[in-house]
Number of protein chains: 2
Amino acid sequence: MEMKKDIRNHVKLLDVAKASGFAVSTVSIVLNDAPLSQHVAASTRKHIREVALSLGYHPDAFARSLRRNRSRMIGVITYDLSDPFCISIIHGIEDHLQSQGYLPQFMDARSQRSLFETHLRMALERRAEGIIVIASWVFDENSILEDIKKNHVPVVVVGRDMTARNISSVLVDNDAGGYLALQHLHQLGHRKVAVILGPEEMFDSQPRWEGIQRYAGETKLRLNPSLICQLPSQVNPYSAYDNGITLTEALLAKGKDFSAILAFDDLTALGVIRGLNQSGLSVPGDCSVIGFDDVFPAAVSLPSLTTIRQSMLQIGETAAKCVMEALKAKEDRKDAPVQIHTFPPTLIARESTAINCDKPRPKSARTKP
Amino acid sequence: MEMKKDIRNHVKLLDVAKASGFAVSTVSIVLNDAPLSQHVAASTRKHIREVALSLGYHPDAFARSLRRNRSRMIGVITYDLSDPFCISIIHGIEDHLQSQGYLPQFMDARSQRSLFETHLRMALERRAEGIIVIASWVFDENSILEDIKKNHVPVVVVGRDMTARNISSVLVDNDAGGYLALQHLHQLGHRKVAVILGPEEMFDSQPRWEGIQRYAGETKLRLNPSLICQLPSQVNPYSAYDNGITLTEALLAKGKDFSAILAFDDLTALGVIRGLNQSGLSVPGDCSVIGFDDVFPAAVSLPSLTTIRQSMLQIGETAAKCVMEALKAKEDRKDAPVQIHTFPPTLIARESTAINCDKPRPKSARTKP
DNA sequence: GAACTTTATTCAATCGTTTCAATTAGGCAA
DNA sequence: TTGCCTAATTGAAACGATTGAATAAAGTTC
């Protein structure tokens, strides 16, 4: 049964060795340009290279990593790849890792907790030298996180502060973002602002809300509790859109007593605009709307969405730097300090917000974008 | 220097063996629930399991795959992860592979050819048992594809027909899609239709255009050549939006002599709508717009976009099934037939298209969505 | 109690690479 | 001829897990 080998197996060093007439070790040395290869005759080198090329030889990454005890790979676990927010972070990560000769290994938890844990385990088993977790919701996979620590694999979390559990974290300053959003609306003259809070289980929700309240407190702006509502828990990132529509309808049903809506994120905000439109209200003429994140659809919507931008590229890059530092520290047998990086978000003023022209009874004035 | 080991290395089977007082092989047998484990005393099993758990042992996937000669992994190489089009396909792939106990390994070429080739090579080196390529542009990485063949790794391409090169392919029926799009506009009474073709290097461009022409031919609709324009080559998927704006401006500069625009894809179509708006034209009142793909922003834009939907989930799933079949065939030492699957797209009628109310001089009537 | 089975455990080879140490062949000086 | 140096090549031991064959101990049968 030696045909079996022909089919299943890849071309390996031994095949190249046999075909070229040299020993496996010589072939290895040549193909890796190892230090010893300077002692190998030029003609031999050339010959071995040619044979390897013609056979279509590619080294087995498993065997190599096993022997070298290095995988040159960083596991990247995302809570949901379909969220545009994730993708930008990933790009930042890719950029930095690539420059360091490391390869990111993406795993998508698709908003399922069980998958999330599975993937953490897999990253560990595949001997990722470091792990980056992009998490939007609270997670508590204690046992597996403990195992990761036991195996001395550095972890960095993006999107929430886990320093309390000794894990380096990179995130946007959500509090500052909430502050900025309300400030923008306030400066445009809006005094009656409806707020749609993020769902309970998302970690960003609370700090954004705190930032909003902080600004309100500083300027003595009263936030009418009946204009505050909250997104329900979400199955996937896109359900925020539908929820935005529904919540807006609910707000309007109580009688429109606001001139602006501050939405938890961009997708919600887009739903809000749609909801307002369905009731014959125009944005920003009848009501201003502001989002959060600055994902792609925000920029191309009509009207384009005023929002709070997170520099996701930078966040991703920082996360990557952070693991790499921890890795280096480990090599130098030092302790990597637990770090936290927060990035200030910026206001992107577009068409969906405008100066408040409300008279005691609204639904009148229009402002061209 | 034995501290080195403490730091760098993971907990391994030998560690569990020492700690439990049994031999490595016994531990392996127990932890894998191997057939032989029925001969292992229940107390031993329990003890070994406990020790492994407390040490945080996780098997080394490299060593295991090396020994078993199976990676249980399928390499998935995308031309650009940030394209929402890709993500849906990926979900389809994930769904199916997961059900088969295989793990997709994503690699993102980010629209760079050099990266694309690098990733193909990596998939090979990491001993992916199969490879799925999601490619929108023409690619010709001959040498690496040859190597993949030499190593007997099944490949499936999504997004273009590569059967001519003996590679199974899964794609949408672009011709039918183009046909549907023009048919929809025609049935709404549009006779003067501007068309924005896809960029030269994208493979979808040509067949969509052929479908459009086929419908025009069948209905004797004359497509005015001065209303046909083409997207330039694109750096990233999102540049289509800006190009859509620019091309629309150019079309309008010649004098608006059309009542509808058929755009190559959704992002272009969104740009078109924005371009029309900037010139004071409303959609669909003054001009209908139709896109292609049905990506997320299409559904949430205002007006929402009429488009041709590809069932990307299904496409992804089929691609995954296709590699798995080829894999099975390989095991049975049969030849896997080269397959092609084309999926018919469907029309999703939304708000951006409406009945043509054009009088000899347009820019008058309005239709509410 | 010898021969045999069953039960519980371990040995040792293997997967494909890498790398250090060892070997060979040839040239050259003594 | 012997010994020694250099240049070119190879042997063999890892890396960590798996697994068929082997062993040891205990139990059963005649």
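Every chain is numbered from 1, with letters handed out A, B, ... down the list of sequences. All of these numbers come straight from a predicted model, not from anything done at the bench.
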Closest of D:dG16, D:dT19, C:dT19 to the A:R67 side chain is C:dT19
In whole angstroms, the gap separating C1' of C:dT7 from CZ of B:R45 amounts to 12 Å
Between CG of B:L14 and C1' of C:dC11 the distance, given in whole Å, is 15 Å
Side-chain N or O of A:S28 closer than 4.0 Å to phosphate OP1/OP2 of C:dT19:
no
Item to check | B:D60 bridged to B:R67 by N-O distance under 4.0 Å | outcome: no
Of the candidates C:dT18, D:dT10, D:dT9, the side chain of A:V40 sits closest to D:dT9
note: A:N69, atom CG; C:dG16, atom P; distance rounded to Å ~ 20 Å
Assign each of B:A63 and B:A34 the nucleotide of DNA chain D bearing its closest heavy atom; nearer the 5' end lies the nucleotide of B:A63
Side chain to side chain contact (heavy atoms under 4.5 Å, CB included) with B:V170: of B:V156, B:I132, B:I89, only one passes, and it is B:V156
It should be established whether A:N32 places a side-chain nitrogen or oxygen under 4.0 Å from OP1 or OP2 of nucleotide C:dT18.
yes
### Task
Ignoring backbone atoms, establish whether A:T26 has a side-chain N or O less than 4.0 Å from OP1 or OP2 of D:dT9.
no
Of D:dG16, D:dT10, D:dA17, the nucleotide closest to the side chain of A:A23 is D:dT10
From CD of B:E125 across to P of C:dC15 the rounded distance in Å is 21 Å
Atom CD of B:Q38 and atom P of C:dA8 are separated, to the nearest Å, by 10 Å
For A:M107 and B:L103, the nearest pair of non-hydrogen atoms, with its separation, is CE-CD2, 3.9 Å
Of B:R68 and B:T44, the one whose closest nucleotide on DNA chain C sits nearer the 5' end is B:T44
When rounded to whole Å, the CG to P distance for the pair A:D60 and C:dT18 reads 10 Å
- [ ] Answer yes when B:R49 and B:D33 have at least one side-chain N-carboxylate O distance shorter than 4.0 Å, and no when they do not.
- [x] yes
From CZ of B:F22 across to P of C:dC11 the rounded distance in Å is 13 Å
Result for 5'-nearest mapping on DNA chain C, choosing between B:L36 and A:S25, is B:L36
Problem - A:E129 (side chain) donor-acceptor with A:R72 (main chain) under 3.5 angstrom - result: yes
Quiz item: B:R64 side-chain donor-acceptor pair to D:dT18 base, under 3.5 Å: no
Taken to the nearest whole Å, NE2/B:H39 to P/D:dA22 is 16 Å
